[in-house]
2 protein chains.
Amino acid sequence: MSDIASKVGISRQALYLHFPNRADLLVAASRHVDAENEIDRRLVPSRTATTGRERLDAWIEAFGNYIPVIHGVASALLAMKDTDKAAMTAWNDRMLAVREGCAAAIDALATDEELTASMTRDEATDWLWTLLAVRNWEQLCRECGWSQDRYVEVMQQTAARALIDG
Amino acid sequence: MSDIASKVGISRQALYLHFPNRADLLVAASRHVDAENEIDRRLVPSRTATTGRERLDAWIEAFGNYIPVIHGVASALLAMKDTDKAAMTAWNDRMLAVREGCAAAIDALATDEELTASMTRDEATDWLWTLLAVRNWEQLCRECGWSQDRYVEVMQQTAARALIDG
DNA sequence: ACGTCACTTGACACGGTGTCAACTTGACAC
DNA sequence: GTGTCAAGTTGACACCGTGTCAAGTGACGT
């Protein structure tokens, strides 16, 4: 909090006049990042895709490319999640929205009768949601040194192969 | 630390006579869990597998079923990783060993000429390593309510489909 | 001139990690 | 018996970060 305050150029206490606690500040920051980065515009290709496969690819591309944008605030929130209850529920709310995106892609696949017979819709949604976790992006792009483009490519490809039979 | 001490029945300070700090205690605990659970025995099927595919399945089964065993201490270490440097390197060391296991499975696939043409060995290793992350197990088995067996099944299946062409 | 609003300084409680000093207790050697 | 050693005890303290509180300041509109 003091780091942020001094960066902003106000006192630590002034920060508490605006945000009741660290978790709320982080949540507000993440919502701000969403607004600044036109989250809705990014999702247009995913929503307007005609086939299930296109929708899956578009969703992975949209969300995959959004991760680096929110990564800073996301990982701060993620780190608090284990100890702070408020951070935990805030993060869960945000991630539930991501799950919705995954569910929509899976539903599109199912409508096209392309969804693998080996998983239920819920399972496929859970799996895709997990694959696209921020921590996984972190591991591949930060620790393993993958480029952002390669990350998106591989995620698209492996998701398609895992979720579509044949 | 006080929680642990009182659970053990000694004073908090006595804990510091045995372990210099929290990170070291957690690392020692994880090594102890390894020893108690005959980690090597669990890996025999993986090492003696004859085909690449068998090796992949055996590795995923062995490690996947080991995650719940170390989950407690692992997630404690994981939580410290972001702030504590000692915990960070300790955890990285442990995870590098896991990566070795993934690399061995990928190599076995490559030897059988079964590894997908769309990823390098390193990429495939990174991908599998990431898929099998503790946090992913946590999400699927704890948050999403998957059973342990189903988790292993789905991981085996999706890994095989992503990593093997055709 | 007055109130109000945003902000300041400075203090403090609380919880957790890690450190330190001084004391006790039991086992063993001689 | 006495000395010694290891392992543990109590009790205190420093440091850091979050969150709270009180009192003061300075600019602004009316």
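Naming convention: chains lettered A, B, ... in sequence-line order (proteins, then strands); numbering from 1 in each chain.
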Notebook entry, point to check: Is A/Ile10 touching bases, backbone alone, or none of the nucleic acid, heavy atoms closer than 4.0 Å?
Noted result: sugar-phosphate
Notebook entry, point to check: Got a sec: does the CE of B/Met1 have more than 12 other heavy atoms crowding it under 6.0 Å?
Noted result: yes
Check: Does C/dT24 have a Watson-Crick or wobble mate here (both distances under 3.5 Å), and if so which one?
Finding: D/dA7
Notebook entry, point to check: Under a 3.5 Å cut-off for both distances, is C/dA29 Watson-Crick or wobble paired, and to whom?
Noted result: D/dT2
Note to self: When you measure from the side chain of B/Asp112 to the backbone of B/Glu114, do you find a donor-acceptor pair of N or O atoms at a distance under 3.5 Å?
What the structure shows: no
Item checked: Shortest non-hydrogen contact between A/Arg161 and B/Ser118, atoms and distance -> NH1-OG, 3.8 Å
Between [atom2] on [N] and [atom1] on [X], what's the gap in Å once rounded to a whole number?
X	N	atom1	atom2	answer
A/Met80	D/dG17	CE	P	14 Å
A/Asp84	D/dG19	CG	P	7 Å
B/Lys85	D/dC16	NZ	C1'	19 Å
A/Tyr16	C/dT8	OH	C1'	16 Å
B/Phe19	C/dT17	CZ	P	15 Å
B/Leu15	D/dA7	CG	P	15 Å
B/Asn21	C/dG16	CG	P	17 Å
B/Arg22	C/dG16	CZ	P	10 Å

Margin query: Looking at B/Arg12 and D/dG8, is any side-chain donor or acceptor paired with a base atom of the opposite kind under 3.5 Å?
Written below: no
Check: Phosphate oxygens OP1/OP2 of D/dT9: is one of them under 4.0 Å from a side-chain N or O of B/Ser11?
Finding: yes
Item checked: Sidechain N-carboxylate O distance under 4.0 Å for B/Asp93, B/Arg31 -> no
Next item on the list: Could you tell me whether the side chains of A/Thr48 and A/Arg55 share a donor-acceptor contact shorter than 3.5 Å?
Entry: no
Margin query: Heavy-atom nearest nucleotide on DNA chain C for A/His18 versus A/Gln13: which residue maps closer to 5'?
Written below: A/His18
